[in-house]
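Quick notes on the structure that follows.
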Number of protein chains: 2
Amino acid sequence: VFKIPRGTRDFTPDEMIKRKYVEKSIRMTFEEFGYREIQTPIFENLDLFTAKSGEQIIEEIYSFKDKSGRELALRPELTAPVIRFYVDKLQMNPKPLKLFYLGNCYRYDRPQKGRYREFEQAGCELIGTDTPEALAELIALSYNILRNIGLKDIKLNIGNLNILSSIFRKLNLSKQQQKQLIPLIDKMMFDEINEILTGFGVPSQESEAFLEILKTNEIKIIEDYIKEDIEAEREFTKLKEIFDLIQNIFQIRDFQIKMSIVRGLDYYKGVVFEIDAPHLGAEKQLCGGGLYDLISMFGGRETATSGFAIGFDRSILALESEEFDFKPLKIDAYVIPYNEDMIRTSLKISKELREAGIKTDIDLLRRGIGKSMRYADSINAEKVIIVGPREIEDNSVTIRDMTTGKQEIVKIENIKKILS
Amino acid sequence: VFKIPRGTRDFTPDEMIKRKYVEKSIRMTFEEFGYREIQTPIFENLDLFTAKSGEQIIEEIYSFKDKSGRELALRPELTAPVIRFYVDKLQMNPKPLKLFYLGNCYRYDRPQKGRYREFEQAGCELIGTDTPEALAELIALSYNILRNIGLKDIKLNIGNLNILSSIFRKLNLSKQQQKQLIPLIDKMMFDEINEILTGFGVPSQESEAFLEILKTNEIKIIEDYIKEDIEAEREFTKLKEIFDLIQNIFQIRDFQIKMSIVRGLDYYKGVVFEIDAPHLGAEKQLCGGGLYDLISMFGGRETATSGFAIGFDRSILALESEEFDFKPLKIDAYVIPYNEDMIRTSLKISKELREAGIKTDIDLLRRGIGKSMRYADSINAEKVIIVGPREIEDNSVTIRDMTTGKQEIVKIENIKKILS
């Protein structure tokens with residue numbers, strides 16, 4: 001027996017119902033916000049990803065040579081391909097561009113709970129504007145997507161990398177020292193941060209003040225801390241404008257400031273944000289995004305860019321853990337010919353129901369009523385239509401409601417009305 | 001500037017509209033026929049494909065080793081993965097199983113018009129039955145899918161490989177000789193077939209009769225030819241039953257018998273069919289399918305299996321060549337704040353429209369009315385809502401219909417009603 005490749009998944013019809021529901025909902029929210037769907041190939045030239053993330057990314061992705069020796073890689077994420085697409089073909093389009101996408105991504109990772117080698121992401125790019133209303137709308141969009149799929153318990157955190165940089169400057173940290181700190185900040189390992197800062201010769205009072213900034217969700221504390229740093233203050237004014245719009249216009253309540261968001265990536269700058277499902281523990285982050293610059297890195301004309309990515313599998317995990325009521329797979333009608341003479345009429349009835357958009361199945365194995373009824377039950381049929389010789393003489397069939405068990409004799413011409 | 005890999009494509013929003021429309025329509029028809037969607041990974045262990053198609057398939061596909069030395073391959077088609085999935089996990093499900101899928105496939109092929117290295121396929125498997133009504137329904141489904149996406153000029157051809165085998169036996173052809181003939185039959189190279197048959201020592205009268213069978217679409221001619229071959233006659237009786245159902249129950253008119261359909265594959269047997277868009281020339285085949293046995297080859301318990309695959313890109317090509325009227329990309333409303341003081345109210349209006357399911361965009365660049373109007377035009381906005389200081393004093397805005405150019409002053413609370 002052949003096996004599925006390690007770390008990948010097959011999806012049954014029941015699982016697909018969930019995935020298709022979430023995909024449809026995500027698509028709808030993006031479109032309501034004026035975003036337009038695009039698609040890029042599943043693999044790219046390898047150099048696209050090393051240019052964005054450095055050579056060490058090769059260790060974490062599926063890379064391979066094609067038969068002409070071209071170095072290719074299954075995409076580990078969607079932003080680089082989309083920016084490549086933009087620089088190559090969409091630069092002349094009127095700005096802003098609002099682009100969204102759904103698609104599979106691949107990482108050569110140790111498979112573990114909620115982490116697969118093939119996984120789906122949804123995301124978007126907003127190209128050509130970084131006004132406060134643009135960023136507030138982007139953040140509200142990510143939040144609305146998760147709310148609209150049905151999540152109740154989510155938390156939005158917003159930070160700002162430019163302000164963090166100002167703080168680094170204030171602490172007199174070199175680029176190299178910052179690089180050492182960033183992964184620890186990302187993981188909120190405060191004791192380790194304190195230790196390292198001491199090692200760097202940062203006075204303990206300053207370390208403590210910095211740690212408080214990383215831990216607090218009070219705007220006032222941060223505002224006081226950065227006072228007199230003109231650049232940080234200007235950034236902070238913009239950030240407060242965004243907060244104001246998110247709270248008072250987009251009516252989002254469960255958000256807070258969080259200066260420890262670093263997104264671990266070199267090309268982010270300015271506003272960054274993340275959305276968590278706190279009850280999910282280690283896999284709690286559902287969404288991450290912010291302002292970044294990748295276009296000029298890819299040879300395009302620089303323009304403000306922001307975007308976010310939503311983890312599809314984790315969003316489904318979060319819905320499941322909230323016991324979200326996914327609509328089950330079902331079929332509207334299952335037609336059973338009482339005997340072989342009834343097959344033609346049964347097929348005709350099925351055909352008419354299908355043409356009316358009614359999901360209809362029919363016994364294709366010529367088995368008895370009892371077996372067919374059990375099959376109808378197994379595929380979650382709402383109604384069963386039994387086509388029998390006695391009823392058919394009167395142009396009628398028997399319709400059984402599979403929930404209530406009630407049966408009634410119905411004229412063939414009235415079946416459609418009863419089912420729809 | 002980074003380039004897209006050779007033979008692959010990026011899809012713009014306008015192209016995605018077409019693809020999403022076709023996908024949605026295909027999905028709907030499958031579901032109306034009681035089929036359920038499944039999904040398998042984009043890559044499989046290489047041996048799955050060599051087991052099905054032989055070692056030479058490696059030349060035509062993307063195969064590669066992962067970091068643990070596992071031999072993997074991007075799937076060149078979807079039947080093998082789905083049967084692997086079935087044997088591995090779905091064998092115990094109640095029969096019949098009606099499974100469908102849409103997904104990208106990959107071939108390391110010379111790129112040419114209508115042929116890409118990454119291409120999309122839709123398809124299905126019907127597992128557990130091969131009654132005439134089951135096969136007639138399957139064939140009708142494939143035909144209905146293509147009709148329902150909007151195609152007008154399509155032609156359904158139906159053959160039978162068991163009958164073809166009987167004919168081969170009648171001509172006393174060895175397995176080896178049959179193998180030589182099959183590709184020529186597939187390409188309908190009748191002169192070459194004649195030559196080879198002569199070389200095999202087949203009398204010219206018999207060759208000519210055989211060629212007529214391959215060329216004709218008249219049931220009677222084939223029926224006369226196979227008379228007295230009991231096996232072929234039994235198969236033919238079943239085939240005629242299928243024809244009867246297709247014509248008289250499923251109401252399909254544009255189909256014919258075609259004995260030269262060989263599907264070029266070792267695991268097909270019995271009924272085979274293809275659907276062409278005749279006006280597309282060399283790329284005319286949109287769909288191919290039939291009865292086959294792959295389950296026992298993959299280690300499962302043998303059971304009747306049939307299915308078909310539809311080429312997604314060619315179906316779109318066929319729609320385009322029939323000048324099908326795809327609905328264009330559009331946005332319902334575009335909101336323009338007259339000046340910066342109007343931004344908050346404009347955002348509020350956008351939010352309410354979006355919550356009502358109205359696709360709404362808003363100027364995020366703080367530019368003048370003129371530029372914003374041109375942008376609204378470029379994104380094909382149906383209505384523009386201008387939020388100006390004078391109208392807002394009266395809780396009103398100006399709504400402009402972008403098709404007629406008509407403008408009217410509307411109370412904010414009435415915008416939704418006018419737009420939906």
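In what follows, every chain begins at residue 1, and chains take the letters A, B, ... in the order their sequences are listed.
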Residue selection (most heavy-atom pairs with chain A, distance under 4.5 Å) from B:Arg354, B:Arg36, B:Gln39: B:Arg354
Of A:Leu72, A:Leu329, A:Ile331, the largest count of non-hydrogen pairs under 4.5 angstrom with chain B goes to A:Leu329
Only pairs of heavy atoms separated by less than 4.5 Å count here; which of A:Glu133, A:Glu32, A:Lys359 has the most with chain B? A:Glu32
Side-chain donor or acceptor of B:Asn45 paired with backbone N/O of A:Phe2 under 3.5 Å: no
Looking at A:Asn93, A:Leu97, A:Ile38, which one forms a side chain to side chain contact (heavy atoms under 4.5 Å, CB included) with A:Tyr86? A:Leu97
Options A:Lys65, A:Met28, A:Glu355, A:Lys95, ranked by heavy-atom pairs under 4.5 Å with chain B, top entry: A:Lys95
Here's a test for you: under side chain to side chain contact (heavy atoms under 4.5 Å, CB included), which of B:Val82, B:Leu99, B:Ile83, B:Ile127 qualifies with B:Leu90? B:Leu99
A:Ser350, part contacting chain B, at a heavy-atom distance under 4.5 Å: neither
In plain terms, say whether A:Asp244 and B:Arg344 are close enough for a salt bridge, that is, a side-chain N and a carboxylate O under 4.0 Å apart. yes
Checking B:Ile249 against chain A: side chain, backbone, both or neither under 4.5 Å from a heavy atom? both
Pick from B:Arg6, B:Arg367, B:Lys3: which one has the most heavy-atom pairs with chain A under 4.5 Å? B:Lys3
Does any backbone or side-chain atom of A:Asn104 lie under 4.5 Å from a heavy atom of chain B? Answer side chain, backbone, both or neither. side chain
Contact origin within B:Ser68 toward chain A - heavy atom pairs under 4.5 Å: both
Could you tell me if the side chain of A:Pro328 sits less than 4.5 Å from the side chain of A:Ile17, heavy atoms only? no
Among B:Ala304, B:Gly299, B:Gly34, B:Pro96, residue most engaged with chain A (heavy-atom pairs, under 4.5 Å): B:Pro96
Answer yes or no: is there a side-chain heavy-atom contact under 4.5 Å between B:Arg84 and A:Asp10? yes
Backbone of A:Arg366 reached by a side-chain donor or acceptor of A:Glu340 within 3.5 Å: no
Any salt bridge between A:Glu37 and B:Arg19, counting N to O under 4.0 Å? no
When the 4.5 angstrom heavy-atom criterion is applied to A:Lys351 and chain B, the contacting part is side chain
Evaluate B:Glu71 against B:Asp47 for side-chain contact (heavy atoms from CB on, under 4.5 Å), listing each step before the verdict. CA-CA 8 Å; B:Glu71 295 257 28; B:Asp47 58 1; over 6 Å; no
Between the main-chain N or O of B:Asp109 and the side-chain N or O of B:Arg117, is there a donor-acceptor pair closer than 3.5 Å? yes
What part of A:Leu347 is in contact with chain B, defined as an atom under 4.5 angstrom from a non-hydrogen atom: side chain, backbone, both or neither? both
Using a 3.5 Å distance criterion without hydrogens, assess whether the side chain of A:Thr129 forms a donor-acceptor pair with backbone atoms of A:Ala134. no
If you tally heavy-atom pairs under 4.5 Å against chain A, which of B:Thr12, B:Asp88, B:Leu364 wins? B:Leu364
Heavy-atom contact with chain A under 4.5 Å, split by part of B:Arg70: side chain
Top of A:Ile42, A:Thr40, A:Thr8 for chain B proximity - count of heavy-atom pairs under 4.5 angstrom: A:Ile42
Side chain, backbone, both or neither: which part of A:Ile343 has an atom under 4.5 Å from a heavy atom of chain B? side chain
Short side-chain to backbone donor-acceptor contact, B:Gln251 and B:Asn248, under 3.5 Å: yes
Is it true that B:Lys371 and B:Asp363 have a side-chain N and a carboxylate O under 4.0 angstrom from each other? no
Could you tell me which portion of A:Arg374 (side chain, backbone, both or neither) has an atom closer than 4.5 angstrom to a non-hydrogen atom of chain B? neither
Against chain A, label B:Phe33 side chain, backbone, both or neither, depending on which of its atoms sit under 4.5 Å from a heavy atom there. both
Heavy-atom distance under 4.5 Å to chain B: side chain of A:Glu137, backbone, both or neither? side chain
Can you tell me which portion of B:Thr29 sits under 4.5 Å from chain A's heavy atoms? Options are side chain, backbone, both or neither. neither
For B:Ile295, which atoms come within 4.5 Å of any heavy atom of chain A: side chain, backbone, both, or neither? neither
Side chain, backbone, both or neither: which part of A:Tyr375 has a heavy atom under 4.5 Å from chain B? side chain
Taking side chain as everything from C-beta outward and backbone as N, CA, C, O, which of these in A:Leu74 sits under 4.5 Å from a heavy atom of chain B? Side chain, backbone, both or neither. side chain
Side chains of B:Glu118 and B:Tyr106 only: does a donor on one sit below 3.5 Å from an acceptor on the other? yes
Given a strict heavy-atom distance threshold of 4.5 Å, which part of A:Leu138 is in contact with chain B: side chain, backbone, both, or neither? neither
A:Thr360 (side chain) donor-acceptor with A:Ile358 (main chain) under 3.5 angstrom: yes
With chain A as the partner, which of B:Phe298, B:Tyr334, B:Phe100, B:Phe43 has the greatest number of non-hydrogen pairs under 4.5 Å? B:Phe43
What residue in A:Ile4, A:Val87, A:Leu245, A:Asp66 has the most heavy-atom pairs under 4.5 Å with chain B? A:Ile4
Is the closest basic N to carboxylate O distance between B:Lys52 and B:Glu44 below 4.0 Å? no
Specify which of A:Lys67, A:Lys98, A:Lys89 makes the most heavy-atom pairs with chain B at under 4.5 Å. A:Lys67
A:Arg9 and A:Glu15 ion-paired at < 4.0 Å: no
If you count heavy-atom pairs under 4.5 Å between each of B:Gly357, B:Pro41, B:Ala140, B:Ser378 and chain A, which one has the most? B:Pro41
Less than 4.5 Å to any heavy atom of chain B: does that hold for the side chain of A:Lys24, its backbone, both, or neither? neither
If one checks every heavy atom of A:Lys20 against chain B at 4.5 Å, the contacting part turns out to be side chain
